[in-house]
Structure formats: C-alpha cells, structure tokens
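Okay, structure first, notes after.
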Amino acid sequence: MGASITVDGLVMTYGSLRAVDDISFTVGPGEFFGLLGPNGAGKTTTLETVEGLRKATAGRVDIDGFDPWKRQPELQRRIGVQLQSSSFFERLTAREQLVTFAALYGIGTDRADDLLEQVGLVDKADSPVEDLSGGQKQRLSIACALVHDPEVLFLDEPTAALDPQSRRNLWDFLQGLNGSGRTVVLTTHYMEEAETLCDRVAIIDHGRILELDTPDALIRSLDVPTRIRLDPEAITVDAARVLTGALDVHSTAGSVVIETREPGPLLAELASRDALEGLAVSKGTLEDVFLSRTGREYRA
Amino acid sequence: MRSPLMSLMVAMAKGFVRDKMTLFWAVAFPLMFLILFGGIFTDQGAAKLDVVQVGQVAVLDEMPDQAREALGEGFDIEKVTSLDAALGQLKDGDVDGVVTQDGDKVVVHFSAADQVKAAQVQGWFQGIVQAANQSVADTPPAFQLQTEQVEDESLEQIQYVTPSLLGWAVAMSAAFGAALNLVSWRVNGLLRRLRLAPIRTSSVVMARIGVSLVVALGQAAIFIGLATAAFGLKLSGWWPLIIPLLAAGTLSFLSIGMLGGAVSKTEEGAIGLANFIVLPMAFLSGSFFPLDGAPKWLQIVSNCLPLKHLNDGMLDVMVRGQGPSAIVLPMIILLGFALVLGTIAARLFRWDT
C-alpha cells in the first residue's frame, strides 16, 4: 500500500506564462506531502499534471512506473482525486453519487455505505447534493475520491471554506487515511494545516519550489526569535527590558511581549522572580516561513 | 452492481427526471402544442364567405332549393338595399363580395385585399351563372366534373400535427439534453473527474445516447397515446417503423447538441445556441404547419435539415400508410447527418474549460 511519486523537471507554459517552471520532487510510499503557495503560484497546475489532467510542456511525472497522462486503468485504480470544485452528478443524492462512482470502478454498493459513515454523512445519505453545506460537499467529494480505496490520494485545498470544527474533523480523518499507509498529496494555503498534517512540504511561488523540507526543519531554519507573553501584572515593560537576553520588549492589548534568542535563561530568571502569570511561549510558525519566502504583496 | 455505462445512464436519467424544468420543456411544452393544434384548431374547416346581395339578383333568387342548400355551405348571403353601404362594408373587409344584377349582367364586386377569398367569390359566381345559362338553354352539359380527394390531402389536422410535433419534441430534448449535459459537467468539473476514472471516453457519449433514446421513445408513447385517445389519431399499419426513424433522428439531434455543447462555455450559452438552432429548424421542417405553399428556396433550405426528413418519414409510415421503403431515404440522411456533425463535435470536444 502507498505508491511513490517522482516529478522531474516539470515545466508548464501557457503562451508566454511559465506557470510551472522546472519543479522536481519525490514523494515516498505512505508519505503525507504538501504543496504550499499563494494563489496563482502554480501548485494546482503542478498537482493536476501529476494527476494526469494536464500534459506537461516538459519534464516527467512517474507514479509507480506509470505516466499519468496516458490514461491507463491500472494506474487510475490506484489514484484517488478530489478536485477543487465540487464535481458531482447533478440532482443525485449523496449515496447515489458514491454508488455511481463505485460502479465506475467496478465496486459494489456496500462501499458507499461504509464511506458515508466514515465521513459522517449517514444522515445526509438521501439528500440531493445541491442541499449539502460547503463542508458536507467537501467531505462527500473526498469520499468519492476514496471509493476505490486508492493507494495515492490527491487533495486540492480540501478544507477551503470550512468552519474550524469541520476542518479539525477532516484533519483527523485525513491523518487516519495516511496512517493506514496511503500516500497523500495535498495543496493548501493554510499553514496550520500543513504543519499538522504534512511530513514534508514544498513552498512554491512563481512556478518554482522555494523550500522543500519537514515543517519543523523549515521553522528552525527561519531563525525567528522566541516570543514570551506575560500578563502586565507579572512584569512591567521597563523591568522586562533589562532582563538577560531580552531583544525587544513591547506591550500589546493585555500583555507584555518579550522577544529573545535565549529563552532558557530568560524564563529561569522570570521564574525566580515568580513573574510567570499568563505565560505563553511561541516560536516561529510555518506561516512566518511562508511569508518570509513569498513576501507580503497581494496575489491573485 | 451496475456496469460503468449503465451507472452513467442511470445517473443521467435521474438527473433528467428530477429536473422539473427540463421535464416541462421536453414533455409538457410540446404536448401543449399538440393540444393547441390538435384540439382547438381541428374541424374549423374553410371560413364561410360573406356575400351581400343588393336588390334583385335573378340567378340567386330563382335558384333551385337543392342548389341553394349546396351553396349555403360555403356562403352566407345577406340582402340589403343600399349599394353604397354594401361597397363600404366590402372596402372595410367586413364582407367578401357584393353582388347586383343590372339587366342581364350579374355584377360581382370583390376586394383585392384578400386574394384567396376574391378568387373564391369570382369562381363561385362564374359557376352559378354558367349553371343558370345551361338551365335556360335547357341542354344537358357535355362534360361533368367529378372531384375526388386523395388520402394525403384528407389528412385531418391531428394526423398531420402528431408526427410533426413529435419530431420537434424529440429534436428539442435530444439537442438540449446533450448540450446542457456536456456543458454543465464540464463547468462543474465532473468531466475531468470522469476522465480520471477507468472508463472509456465513449462510455460518457454512449450513456447520453442511451438516455436520449429512452426519452424519445417515451415522448412518442405519450404523444401517440394522447392523440389517439383524445383527438382520434388513426395510425396506419407500419407505424412502429417510427422507432428506427426516431433513433436515427435522436442521433442527429444529439450531434447538434454535442456540437453546441462543445463550443459553449456556459449553460446559458448552450441553451441559447440549442434554441437558436432547433426553433428555426422546427419551423422550416414543417413541424408547426405544412411547407407545401412555401417558396422554392425555403423548401431547399428545409431539405437540408434533419428534422424535415424525420417528419416526412414519420408522416409516411404513421398516417399515410406507407411501408418500410418510405423510411430508407430519411434514415440514410439522418444517420449521415449524425455522422458528419458527430465527427466535428468529437474534434471540438474539451474535457475542461
């Protein structure tokens, strides 16, 4: 279970636009791989080329020895794809969608009922797809991608437009899928999602890979100072400025924020003063890495 | 478990019957026309001619009762005294002729505004005057005219409109169904999703053909059932031959829809394009009224349209009592049309927007 994917020197051009400009990466069996990037960075184009929906201008894609652009049933049975838009048969119920997709893969109707339960749509089984909420549609489309129990799962922004409850539940579900040995490739622009789910992430912008590593390694490499937050009652801004290793101290609504590169001694000193009220310590996040690499200007 | 082809057909069919609007346009709307043409305009016959007689007109006044009765079926004769008033009515189009007698001359006034009625009025009076002359001369006529109608022209309204409107209904639902299906599946991304499934591309097309054939046969059953039960449609012996005709016709109209679906970017565009093609085609193919009186060039245009040949073929076997040989040419034309347009549509086909 779990296939490996190799992308080598992938280029996609539309007229004069190089949407994907020499991208290479590999995804190992059972790995959870994330493609991150601002809108228009080229992550969806990359994903669709890997899925076999687009023909690469140059370069090579290989999934377990198959070229996805050539429509081969052996490969198609191994990959599951959830597309960005909700691609359903109009006016069919949730269960009918799954039964129809199952039949396309030569699978019986039992699987449809299993999947409805797994994605928590049993009570919506007989609702037309048009009556489902955004989150329910999203879960149904993932269920449709899983109908033939694929070894590789491609997800294009699976939690876009979901509320926090739906998002967390979906994360649990996706972790479970990966835990059972599937290879998962997803695109997202939620850094928290990538941090939680992905073994490795590639940060893409202007059609190129800017960074490719584990989320932790990327955050460490960023070398941002640690932030220590305290209640204003614990310590005054002036008192905090003279602490050993304090780089910058400022107050925000309801807290004092100390930035430092030596959090250990500084925290020990605060502890000895019994000034730890409301303590919160944070290191840089993947979002900091992302913004430092891709910049702050608006995108498409 | 169903085969991939069957499951696609079922999905399409469910999408069709659950869409009230599509059902209305495919079934209820053409049926409204059947009821309108078949029920309301039936047995209206030719309109009577209104003729005003001013003063004494011997040929009318002295006409034998039997002849007067026969005349009465086509004429209403009103007697007045004022010629000016009568001519005024004629000019206003309220009456179709004014007749007076001046010595031996019978004078018929007519208006050129309605040439058909003008000719009828003149023809009738010519006949009446001749008959009167003969009876005065007291010689038997050397020639007698006997008129007989052939089957085709005795087609009652319902006999004509059922096959013709059925052709239109089938054309509409096949073309719209294919165009809409293709565009909406492309717009919502389902076509791309299907592209990633281990099915043949042709399965999607075959499924659409299957559904459209079933819909066409359903429309035929409803049309013929209603026309027979409510409006006295009489089917001739070879009428089941409409089934192969409808199948070939459906393929033609599907190819039109596929072509429309291939070039349209939105569902609204596809509906507009299908309308733009199907409605003029229906008029030019005699779906609403016969084109016998149409100018030559219009009949040539009409012969280039698949619906015209479907209508002709169905009229021949459904109500004109013709046999299998009558459907050969229409079948060849319809299938040829489907092949040519289908090939072009396949070339223009796109999986995504």
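To find a chain, count down the sequence lines: A is the first, B the second, and so on, and within it residues start at 1.
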How about A:Val99 and B:Ser7: do any of their side-chain heavy atoms sit closer than 4.5 Å? no
B:Arg193 versus A:Phe88: any side-chain heavy-atom pair under 4.5 Å? no
Around A:Glu117, counting heavy atoms of other residues, nucleotides and ligands shown, do more than 12 lie under 6.0 Å from its CD? no
Would you check if A:Phe89 and B:Met12 make a side-chain contact, meaning some heavy-atom pair closer than 4.5 Å? no
Examine whether an atom of B:Leu194 lies under 4.5 Å from a heavy atom of chain A, and if so say whether it belongs to the side chain, the backbone or both; otherwise answer neither. both
Walk me through whether B:Lys14 and A:Arg91 qualify under side chain to side chain contact (heavy atoms under 4.5 Å, CB included). CA-CA 7 Å; B:Lys14 282 181 176 168; A:Arg91 292 177 287 282; over 6 Å; no
Just so I know, are the side chains of A:Leu83 and B:Leu190 near enough to count as touching, which here means a heavy-atom distance under 4.5 Å? no
Hey, is CZ on B:Arg18 packed in by over 12 heavy atoms from elsewhere, all under 6.0 Å? yes
Is the CZ atom of B:Phe24 crowded by more than 12 outside heavy atoms at less than 6.0 Å? yes
Considering all heavy atoms, the nearest B:Arg195-A:Leu53 contact: NH1-O, 3.6 Å
B:Ser184 side chain reached by A:Glu90 side chain, heavy atoms, under 4.5 Å: yes
Minimum heavy-atom separation for B:Pro198 and A:Gln76, please, with both atom names. CA-OE1, 3.2 Å
With distance as the sole criterion, is a donor-acceptor pair present between the side chains of A:Arg71 and B:Thr201 under 3.5 Å? yes
